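The block underneath contains the structure these notes are about, expressed in C-alpha cells.
From a predicted model like this one, the values you see are computed outputs, not experimental measurements. Note: hydrogens, waters and symmetry copies are ignored here, and every other heavy atom, side chains too, is used.
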Amino acid sequence: MNVTRKQEKVLRRALTEWEQEGVLTAEEHQRLAGSLKRVAMDWQRLSRYAFWTALACVIIAIGSLFADSELMARIIEFFAFSSIARIGLPTLVAVLFYLWGFARQRRETQWHYSTEAILFLGVFFTAIALWQLGERLDNGSGHIAPLFLAGCAVYGLVGFFGRSGLVWLFFLLSLGNWFGAETGYMSGWGAYWLGMNYPVRFIFFGGALLALCWVLRAMLQARHLYTTSKAIGLTYLFVALWIMSIFGNYDVDNWYSVTQASLLPWALLFAVAAVLCIYISLKTDDGMLRGFGLTFLAINLYTRYFEYFWDGMNKVVFFLILAASLAVIGRYAEKIWHAGSSVK
C-alpha cells in the first residue's frame with residue numbers, strides 16, 4: 001500500500017496501539033506494517049499545486065495584457081466595429097474549453113487536475129464575456145446583479161457536473177457577489193437593506209449556505225464538492241461576524257459616535273460562534289471546523305485587545321491573563337481526556 005509520510009505515521013501509530021490493546025497480534029502487526037510503502041513524493045499534491053500555479057500565471061498574463069495600454073488600444077481598435085464580437089469571441093472560447101474539459105473527463109477520468117484547469121479557463125472567459133455583455137447593456141441603473149446570477153448559473157452547472165471544486169469555488173464566490181449586488185441595488189445602494197448592513201446580511205447568507213450544505217451533504221459529497229461548500233460558508237459567516245464585532249449594525253457616518261459597550265454583544269456572538277465551532281469539531285473530529293474556530297477565536301481576542309486594552313493595560317499583564325485562562329481550559333480538557341482513557 002503506497003502512503004505518504006503523514007499517512008504512514010498515523011497508520012503505524014494505530015497498529016502499535018491496536019497491538020498494545022490486544023486487537024492485533026505481534027505477527028499481524030508486523031505483516032500489516034510491512035505492507036506500507038512510503039512514497040518519496042506526493043505526486044497528487046504536486047500536480048494540484050502545479051496546475052493552480054499554471055492557472056495563476058495565465059490570469060496574470062491576461063491581466064498584463066489589459067495593463068499594456070498600447071496593445072489594448074490595438075485590440076480595441078480591431079474589435080471596435082462590433083460590440084457583439086467582443087462578447088461572442090470570449091463566449092466561443094469559453095464554450096470550446098467547456099466542451100474540451102467534459103470530453104476529456106469522459107474519455108480520461110484519471111486526469112483530474114488538468115481537466116479542472118481546462119474547465120476553469122472556460123469560467124475565466126465566461127467572466128470576460130459577461131463583463132463585455134454588461135458594458136453593452138449598461139443603461140446607468142447600476143443593476144449588475146443579473147450578470148452575476150447568469151455567471152452563477154454557468155459556473156454552478158459546470159462545477160456540479162464537472163465535479164470541479166475549483167469551478168464550484170468560483171460559483172460560491174460569484175453567488176456572494178450576486179447577493180451583495182442585488183441587496184445593494186434593492187436598498188438603493190444605501191447602508192441598510194431590511195434594517196441590515198452588509199456584514200449582517202452576510203451572517204445570514206453564510207448561515208444559509210452552511211444549512212444548505214448540510215441538507216445537501218450526501219449529494220455534494222458524491223460530487224466531491226462538500227468540503228469546498230462548507231469552507232466558503234464558514235468563511236462568509238466568520239468574516240461577517242468579525243466585521244460586525246468591530247462596526248456593529250451601523251453605517252460609516254454613525255459608527256464614529258458608537259461606544260465600545262454597544263459593540264460588545266456582537267463581539268460575544270463572534271466568540272460564541274467560534275467556541276461552538278471548536279466544540280462541534282471536538283465531538284466530530286472535524287479538522288476544518290477546529291481550524292476555523294481556533295483561528296477566528298484568536299482573531300477575536302486580538303481584536304478585543306486592541307479595542308479595549310491597548311492603551312489601558314500593560315501588554316505583559318494582558319497576555320499573562322490570557323495565558324492563564326487558556327491553561328485552565330487546557331487543564332480541564334486534560335482531566336476529561338485522562339478520565340476517558342482510564343475507562344476500560
Could you tell me whether a side-chain N or O of [X] sits under 3.5 Å from a main-chain N or O of [Y], the two making a donor and an acceptor?
X	Y	value
Tyr155	Val167	no
Asn197	Val200	yes
Arg201	Met196	yes
Thr228	Leu225	no

query: Do the ring centers of Phe124 and Phe97 come within less than 6.0 Å of each other?
result: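 They do not qualify: ring centres at least 6.0 Å apart.
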As an exercise, state the distance from [atom1] of [X] to [atom2] of [Y], rounded to the nearest 0.5 Å.
X	Y	atom1	atom2	result
Cys277	Ile280	SG	CD1	6.5 Å
Leu119	Phe170	CG	CZ	13.5 Å
Arg163	His224	CZ	NE2	5.5 Å
Leu133	Leu147	CG	CG	5.5 Å

field: Geometric class of the Tyr236/Phe205 ring pair [parallel <30°, tilted 30-60°, perpendicular >60°]
entry: perpendicular
What closest approach, in Å, do [X] and [Y] show between heavy atoms, and which atom pair accounts for it?
X	Y	answer
Ser174	Phe148	O-CB, 4.3 Å
Asn300	Ala267	ND2-O, 3.3 Å
Trp168	Gly156	CZ3-O, 3.5 Å
Ala240	Pro199	CB-O, 3.3 Å
Ala150	Leu130	CB-CD2, 4.3 Å

message: Any non-hydrogen side-chain atom of Gln132 less than 4.5 Å from a side-chain atom of Thr91?
response: no
- prompt: Is the shortest heavy-atom distance from the side chain of Leu294 to the side chain of Ile278 under 4.5 Å?
  reply: yes
message: Is there a path of hydrophobic side-chain contacts, each under 4.5 Å between heavy atoms, that joins Val272 and Val239?
response: no
- prompt: Cluster partners of Leu92, using ILVMFWY side-chain heavy atoms under 4.5 angstrom, listed by chain and number?
  reply: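 Result for Leu92 is Leu96.
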- request: Would you check if there is a donor-acceptor pair between the side chains of Thr183 and Tyr198 at a distance under 3.5 Å?
  value: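 No.
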message: Taking atom CZ as the centre, does Phe160 end up with more than 12 heavy-atom neighbours from other residues, nucleotides or ligands that are less than 6.0 angstrom away?
response: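 Yes - once you tally the heavy atoms of other residues, nucleotides and ligands closer than 6.0 Å, there are more than 12.
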